[in-house]
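Some notes on the structure that comes next.
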Amino acid sequence: MQPKKLGFGLMRLPLTDPNDEGAIDIELTKKMVDKFIERGFTYFDTAWMYCGFNSENAVKKAIVERYPRDSFTLADKLHAGFIQTAADCDRIFNEQLKKTGAGYFDYYLLHDIGVHHYDIYTRLGCFDWIIEKKKQGLVKKIGFSFHDSAELLDRVLTEHPEFEFVQLQINYLDWESTAIQSRLCYETATRHGKPIIVMEPVKGGTLARVPEKIEKAFKAHSPDMSVPSWAIRFAAGLDNVFMVLSGMSDMAQLLDNIGYMENFEPLSEDGLALVKAAADEINSNIVVPCTGCSYCTDGCPMRIAIPRYFSLYNADMQQRDKDWTPQCEYYMNLTKNFGKASECIECGQCEGVCPQHLPIIKYLKDVAENFEKQS
């Protein structure tokens, strides 16, 4: 029997302290895991740096220690940003096994392959290394996640046909994007015969909060379907997609997702036309295409809340016709706990790890110009 297509992404878990991404609310996470498994879903996705390096610990407490190992599927990842030598690969992998307590990983990925990281993985022998982990029985299926051009994806899959799946950023907003190239990457992976796992189907929450005109159109078409359901159903309806990951940070999000994914039905032709119209409308207004992954914040020496500031900035830019918006107040409240955008020292570490390859330093200057002059 085919597994249900919804995977639980463990990057945005519920927190006991909203200002500390590592402060995972384990008891609420357990309840969410229980409901997820109770409804027949089995796929969980974590990574070394998720939730301030605490996501894998949460896997052990909320899943591994409470369910038989063969009752769930676990994916984990190695990220090029945390390895400098070949020995680092084993060191991190062994620590991941220890932190999760899983014994083995059903799916293991070389994370965020792009032109720079591809060079690192090649230089450190990571392709042979991951094959060896599979031979040892410590990994069942090997793959990689990808944030770059379709041209590079074709090269990687041509040079490394041993990979069994690809994880791609696919959502209706990025489907025709010349930068993200969701459709072109999807078509490339499909041409190589590689099944696809989808990440960022709701684009870090962007597609959960669409313009009022779009929301009304969605509700008129399907009154019982939530706004984010349109994004997840779009991705899950693609022929070569076998899993769609969703980061769920509270029980309401989880219940909504499993409600429509338990007996999944793809979007109809008129539904697909609606999401295309939604993409055109949203893309005409969005300024910073940040997905909120927070990779940029872990090493920021000034503790700047980069994704949060970008989210506020995008919201403010969509309300430029109004005399007053609440975003400035939210911004100033955040700066009581985090560095201001203007305090960026331009070290560049954030841009080095950004999967979207955003000019973060430039955008932070725009944020500072917008909010700090208002205060």
Side-chain angles (χ1 to χ4, degrees), residues 6-7 9 11-13 18 21 145 147 167-183 185-186 198-219 225-238 244-250 252-254 256-257 260 267 271-272 274-297 305-320 325-327 330-331 334 350 354-360 363-364 366-367 370:
L6 178 69
M11 184 170 74
R12 300 181 178 98
L13 290 172
E21 63 176 323
S145 63
H147 290 281
Q167 187 162 302
L168 299 174
Q169 178 172 319
I170 294 177
N171 56 69
Y172 66 75
L173 196 62
D174 294 328
W175 187 242
E176 298 294 350
S177 166
T178 56
I180 307 294
Q181 299 189 352
S182 280
R183 177 178 59 80
C185 287
Y186 167 83
V198 171
M199 56 185 166
E200 300 293 351
V202 192
K203 200 172 173 70
T206 296
L207 300 181
R209 301 177 297 273
V210 298
E212 185 178 0
K213 180 172 74 172
I214 299 299
E215 182 172 0
K216 286 182 177 178
F218 284 163
K219 290 298 182 182
M225 288 293 177
S226 66
V227 170
S229 80
W230 287 83
I232 291 178
R233 289 182 295 140
F234 168 81
L238 296 168
V244 177
L245 303 177
S246 178
M248 295 173 275
S249 55
D250 59 47
Q253 292 175 5
L254 184 138
D256 179 48
N257 283 350
Y260 57 79
L267 295 177
L272 290 170
L274 265 181
V275 297
K276 182 181 185 306
D280 291 342
E281 177 72 18
I282 298 167
N283 275 321
S284 69
N285 290 294
I286 198 167
V287 181
V288 183
C290 170
T291 66
C293 71
S294 295
Y295 293 177
C296 56
T297 59
I306 299 168
R308 296 194 195 187
Y309 292 168
F310 288 168
S311 178
L312 290 174
Y313 183 65
N314 280 334
D316 214 48
M317 292 300 99
Q318 291 180 15
Q319 295 179 297
R320 280 175 285 189
T325 72
Q327 279 78 238
Y330 279 109
Y331 174 80
L334 280 171
C350 54
C354 176
Q356 311 303 319
H357 310 295
L358 300 180
I360 294 175
Y363 284 142
L364 284 175
D366 295 339
V367 169
N370 185 68

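Hydrogens, waters and symmetry mates play no part in the numbers below; they use all other heavy atoms, side chains included. Positions are given from 1, in the same order as the sequence printed here.
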Report summary line: Between Leu358 and Cys354 the two heavy atoms that sit nearest each other are N-SG, 3.5 Å
Requested in this report: Could you grab the distance from atom CH2 of Trp230 to atom CG of Leu274, nearest 0.5 Å is fine?
Outcome: 5.0 Å
Query raised in the report: Where the side chain of Ser182 meets the backbone of Gln169, is there a donor-acceptor pair that is under 3.5 Å apart?
Result: yes
Query raised in the report: What do the steps show when you test Leu245 against Gln167 for side-chain contact (heavy atoms from CB on, under 4.5 Å), and what is the final call?
Result: CA-CA 10 Å; Leu245 303 177; Gln167 187 162 302; 3.7 Å; yes
Query - Taking every non-hydrogen atom, the tightest pair across Ile306 and Cys350 - result: CD1-CB, 4.0 Å
**Report entry** For Leu173 against Ala279, the heavy-atom pair lying closest together
**Finding:** CD1-O, 3.8 Å
Query raised in the report: Can you tell if the side chain of Cys290 reaches within under 4.5 Å of the side chain of Ser311, non-hydrogen atoms only?
Result: no
**Report entry** Rounded distance (nearest 0.5 Å) linking atom CG of Asp256 with atom CG of Asp250
**Finding:** 10.0 Å
Requested in this report: Quick one: sort the Tyr172 and Phe234 rings into parallel, tilted or perpendicular, breaks at 30° and 60°.
Outcome: perpendicular
Query raised in the report: Considering only heavy atoms from C-beta outward, does the side chain of Ile282 approach that of Leu207 to under 4.5 Å?
Result: yes
Query raised in the report: How far does CE of Met199 sit from CD1 of Ile170, to the nearest 0.5 angstrom?
Result: 9.0 Å
Query raised in the report: Does Met225 reach the side chain of Phe218, with side-chain heavy atoms less than 4.5 Å apart?
Result: no
Query raised in the report: Roughly how far, to the nearest 0.5 Å, is the CD atom of Gln181 from the CG atom of Asp174?
Result: 11.0 Å
Report summary line: In terms of heavy-atom contacts, Glu21 and Ser294 come closest through OE1-CB, 4.1 Å
Query raised in the report: Hey, what do you get for CD (Glu176) to CG (Asp280), rounding to the nearest 0.5 Å?
Result: 9.5 Å
Report task. Go through the steps for Tyr309 and Tyr363 under the test side-chain contact (heavy atoms from CB on, under 4.5 Å), then give the verdict. Result -> CA-CA 10 Å; Tyr309 292 168; Tyr363 284 142; over 6 Å; no
Report task. Check whether any side-chain N or O of His147 sits under 3.5 Å from a backbone N or O of His357 as a donor-acceptor pair, and report yes or no. Result -> no
Query raised in the report: Can you check whether Ser229's main-chain N or O pairs, donor with acceptor, with Ser226's side chain at less than 3.5 Å?
Result: yes
Requested in this report: For the pair Tyr186 and Val198, evaluate side-chain contact (heavy atoms from CB on, under 4.5 Å) and give the outcome as yes or no after the intermediate values.
Outcome: CA-CA 10 Å; Tyr186 167 83; Val198 171; over 6 Å; no
Query raised in the report: Any idea which heavy atoms bring Val227 and Ala208 closest together, and the distance?
Result: CG1-O, 3.7 Å
Query raised in the report: Could you state the interatomic distance from NZ (Lys219) to CD (Glu212), rounded to the nearest 0.5 Å?
Result: 13.0 Å
Report task. Locate the shortest heavy-atom distance separating Ala235 from Pro201; write the atom from each residue and the value. Result -> CB-CB, 4.3 Å
Query - N/O donor-acceptor pair under 3.5 Å between Asn314 side chain and Val287 backbone - result: yes
Query raised in the report: Would you call Thr291 and Pro355 a side-chain contact if the rule is heavy atoms closer than 4.5 Å?
Result: no
Query raised in the report: Side-chain contact, heavy-atom cut-off 4.5 Å: Tyr295 with Pro307?
Result: no
